[in-house]
Structure formats: C-alpha cells, structure tokens
There are 2 protein chains.
Amino acid sequence: MDVKTLCLGMLINKEACGYELKKKFESLFKHFFSAGYGSIYPALADLATSGLVECREIPQTGRPDRKVYKITDNGRNAFERALQTNEPQHKLRSDFLAVMYFSELLDERRVNRLLNDRIEAFEDAVEHISSIETEMGINAPAGARFVAGFGAVIAKAGADYIESNRHLLTETAPGRIDEPAHGG
Amino acid sequence: MDVKTLCLGMLINKEACGYELKKKFESLFKHFFSAGYGSIYPALADLATSGLVECREIPQTGRPDRKVYKITDNGRNAFERALQTNEPQHKLRSDFLAVMYFSELLDERRVNRLLNDRIEAFEDAVEHISSIETEMGINAPAGARFVAGFGAVIAKAGADYIESNRHLLTETAPGRIDEPAHGG
DNA sequence: TGCAGCATGTAATTTGTTACATGATTAA
DNA sequence: TTAATCATGTAACAAATTACATGCTGCA
C-alpha cells in the first residue's frame with residue numbers, strides 16, 4: 001500500500017488537507033506506516049488529477065491557501081479495489097536487530113545503551129498508543145482499536161524480550177551505564 | 001543500514017559469494033531484513049571498487065564463475081564505524097494493519113481470510129526461526145541467538161493478538177471460512 | 001528572541017524492486 | 001519433463017526521503 005492509496009483511504013470518512021493527513025498518519029499509523037510531506041503532497045495532487053479526489057481551496061491569510069481534499073465516487077471504488085489485495089505485506093526492517101547480530105564487535109557500554117534506547121522507544125510507543133486509544137474512546141471503529149491494540153502488544157513484547165534476554169549480549173549486569181563503575 | 005553495509009558485515013567471519021549471502025539473508029535475517037540479487041550483486045561490486053572487499057574468481061563449469069568476496073582491513077574498519085549509529089531504526093511497515101484499519105469496508109469472509117493468512121504467516125515465521133535456531137546450535141554467537149529469539153517472540157505475540165482480538169472485527173465466529181455454512 | 005505550529009510545494013537523490021538475460025546439473 | 005539449485009549480472013522502474021524554498025502567528 002503506497003502513500004497515495006493510504007491518503008485516499010484517510011479521506012473516506014472525512015475531507016482533509018495534506019497537513020492534517022500528515023498529523024493523522026503520525027497519530028494513528030505511527031507504529032506501522034510513515035509518510036512525509038514530500039510524499040503526501042504529490043500523492044494528493046496525483047489523486048486529484050486522476051479524479052479520485054476533489055480539491056477545494058480555502059483562502060488563508062499569511063499562509064498558503066488550505067487545499068481541502070474530498071473523495072469522489074471513483075475514489076471510493078478505487079480504494080475498495082485496493083483493499084482486495086491478498087496477503088497484504090507486513091514487514092519489519094530493523095537496523096537495531098542487525099546491529100545486535102554483530103554485538104560482539106561492540107563494547108558492552110554501547111550495547112547496553114542501544115538496548116536501553118530501544119526499550120525506551122518501545123515504551124514510548126506503548127504510551128503513545130494508549131494516549132490515542134484514550135482520544136479515540138470506546139466507540140471508535142473496530143479497525144482503529146484493533147490496529148492500536150496490535151501496536152501496543154508488539155511494542156510491549158519487544159520491550160519485555162529485551163529485558164529478559166539482554167544478559168545474552170552482556171556479561172556484566174546492566175545497571176547505571178552512564179556512571180563510572182564503583183569497582184574500578 | 002543498507003544492503004551494502006549488511007553484505008560487508010556478513011563477510012566479517014567468512015568469505016562468500018553473492019548467491020551465498022542471499023541464502024544467509026533468507027535464513028538468518030528473514031524476519032527483519034530482505035535483499036534480492038538486484039541489490040546484492042551491485043552492492044558487492046561497489047564494495048570491491050571501494051576496496052572494502054577483495055574478489056577472487058573461481059572458475060565453474062556450466063555456470064558463471066563464482067566470485068568469492070573477502071573483507072579487507074579497510075572493510076572491517078568501515079563496518080565497525082557503520083555499527084556506531086545511535087538509535088538504529090526499527091520500523092514496521094504493514095499493509096495488513098492498514099487494511100484491517102478499514103475492515104468495515106470489507107466483507108466478513110474476506111476479513112477472516114486475511115486474519116487466518118496472517119496468523120499462518122506468523123506461525124510459519126516461528127517455525128522457520130526455530131529451525132534456524134536448531135541449525136545454529138547452542139554455541140552460536142550471542143547476537144544470532146538474540147535476534148532469532150526476538151523474531152520468534154514477536155511473531156508469536158502477533159499471532160496470539162490476532163487470535164484474541166479477531167472478535168473485534170467480525171460479528172460471527174471465525175470457523176471454517178472456506179466451506180459453506182451448514183446453517184444457511 | 002526564538003521556536004513551534006500552520007500550510008504549501010519542488011527537485012535531487014537514494015534505495016530497492018522487478019523484469020530481463022543466460023544456462024548447466026540434478027533429483028522427483 | 002519439470003522444477004529446483006547453482007551462479008552471475010544489467011536496466012528500467014517505482015517509491016520514498018531529504019533538502020530546499022517561503023512566510024505569518026502566537027506563545028514563552
């Protein structure tokens with residue numbers, strides 16, 4: 001699923017401008033999708049050219065006109081066709097794991113720092129997701145709750161795994177890695 | 001971490017040809033990294049041009065000469081520098097979750113099929129990883145065991161989550177989706 | 001005084017995928 | 001006879017990232 005298709009989908013329930021779509025990506029989809037303005041704006045322009053969305057310009061003062069995009073019937077059909085893919089992909093790309101694979105080439109303090117940072121990132125993700133779940137409320141669409149829950153569970157599992165298995169990568173206890181060891 | 005850097009890393013302990021590196025990616029890194037010949041061969045050629053690896057051609061009969069690449073001291077240094085990245089990224093890209101977000105636009109049988117397929121993919125991943133863990137043996141490098149374990153845990157967590165939360169997306173019980181319902 | 005938020009875009013670059021091109025050997 | 005394994009590569013294409021370009025408002 002490319003940025004163009006996902007933008008189209010985001011417009012199913014509510015019209016929006018590119019800036020708003022970016023915010024929405026960052027809140028709802030942060031843990032499994034990302035897109036910058038450099039891909040969103042061209043995507044919306046393309047969708048408009050193909051007639052899958054319509055654009056209305058709202059004059060602003062002191063900043064560029066706000067371009068509000070609304071999905072068309074053609075757009076709705078195109079999006080539903082796009083959802084028909086079988087075995088939609090689900091891929092992890094992790095430089096973190098790649099680095100850990102070679103952890104024997106790193107010094108222990110560095111390994112510990114990377115592990116701590118990754119745990120923190122996972123914990124931040126859990127928190128971020130729980131805050132958007134709160135915002136959504138209990139009456140949010142099932143799909144939204146399902147994907148949020150998935151993200152939370154996976155992030156939690158990742159953090160737990162690192163805590164339970166970091167001993168595989170370091171000989172000494174983790175402890176306060178930024179302070180000098182009191183033993184020497 | 002790009003394909004070039006990871007190829008370099010794979011050559012740290014053992015020289016290999018492009019074909020072998022691809023196999024290695026597919027077994028050890030399958031769950032967090034992928035690369036096709038279309039990126040591996042050019043990557044190795046680049047590394048050789050930069051002097052980070054050396055190439056030795058072994059004549060073959062009935063097939064192209066085997067090009068065996070060996071890392072140089074420059075290569076080793078370059079790779080260790082590459083490992084110094086702080087907060088190496090760890091990103092999920094999931095069309096599966098994107099589709100599920102919009103599950104209300106799909107019919108229930110399709111949703112069930114997608115969920116089943118994803119569970120199966122996760123279970124396959126768990127099995128694949130457990131088979132490479134067996135191959136590696138207990139004396140494998142810590143990093144290798146750590147990343148394999150991570151993959152297994154995350155795949156397991158994904159499958160479990162779907163099983164426990166699929167009811168959010170479908171009103172009726174999952175059951176045998178490929179057979180006609182006996183109730184009509 | 002400076003930064004975050006709002007609001008749009010283009011162009012260069014990077015990176016990787018897919019299709020194409022070749023072809024012997026071996027096991028089912 | 002059909003598919004998988006071994007073994008290399010190029011070229012076209014797709015997609016997204018990053019840097020560049022602009023500029024007001026409001027808060028601390």
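The chains referred to below are lettered A, B, ... by the order of the sequence lines, with proteins before strands, and numbering in each begins at 1.
Note on residues 62-84 of chain B: pairs passing ring pair (Phe, Tyr, Trp, His ring centres under 6.0 Å), not counting sequence neighbours, are F102(A)-F79(B).
Ranked by how close their nearest DNA chain C nucleotide is to the 5' end, P64(B) and T61(B) are led by P64(B).
E104(B) is linked by a side chain to side chain donor-acceptor pair (under 3.5 Å) to nothing, counting only residues two or more places apart in sequence or in another chain.
Closest non-hydrogen pair, S27(A) versus I132(A), comes out as O-CD1, 3.2 Å.
Side-chain nitrogen and oxygen atoms of K4(A) include none within less than 4.0 Å of the OP1 or OP2 phosphate oxygen of dA15(D). The side chain of R63(B) places no N or O atom within less than 4.0 Å of a non-bridging phosphate oxygen (OP1 or OP2) of dT5(D).
Listed candidates were dT10(D), dT17(D), dA7(C). Nearest to the side chain of S39(A) is dT17(D). Closest to the side chain of P42(B), out of dT10(D), dA16(D), dG16(C), is dT10(D). Distance from the side chain of R66(A) is smallest for dA7(C) among the nucleotides dG16(C), dA7(C), dA7(D).
Rounding to whole angstrom units, CG of residue L44(B) and P of dT10(D) are separated by 12 Å. Regarding I58(A), its CD1 atom lies at a distance of 14 Å from the C1' atom of dT8(C), rounded to whole Å. For the pair Y41(A) OH and dT22(D) C1', the interatomic distance rounds to 13 Å; values are reported in whole Å. Summarising the geometry, the separation between CE on M1(A) and P on dA16(D) is reported as 11 Å, rounded to the nearest angstrom. In this entry the distance linking CG of D46(A) with P of dG9(C) reads 12 Å, nearest Å. With rounding to whole Å, D2(B) atom CG is found 12 Å from dT17(C) atom P. Rounded to a whole Å, the NZ atom of K91(A) is 16 Å from the C1' atom of dA16(D). If you take CG of D65(A) and P of dG9(C), they are 10 Å apart, rounded to a whole angstrom.
Remark: of the listed residues F146(A), F29(A), F32(A), F29(A) is the sole one forming a ring-ring contact (aromatic ring centres under 6.0 Å, His included) with Y101(B).
Without hydrogens or angle criteria, E20(A) side chain to C17(A) main chain gives a donor-acceptor distance under 3.5 Å. Looking at T72(B), its side chain does come within 3.5 Å of a backbone N or O of G75(B) through a donor-acceptor pair.
Between F122(A) and H90(B) there is a side-chain heavy-atom pair separated by less than 4.5 Å.
Residues from residues 13-37 of chain B with heavy atoms under 4.0 angstrom of DNA chain D, sorted by number: C17(B), G18(B), Y19(B).
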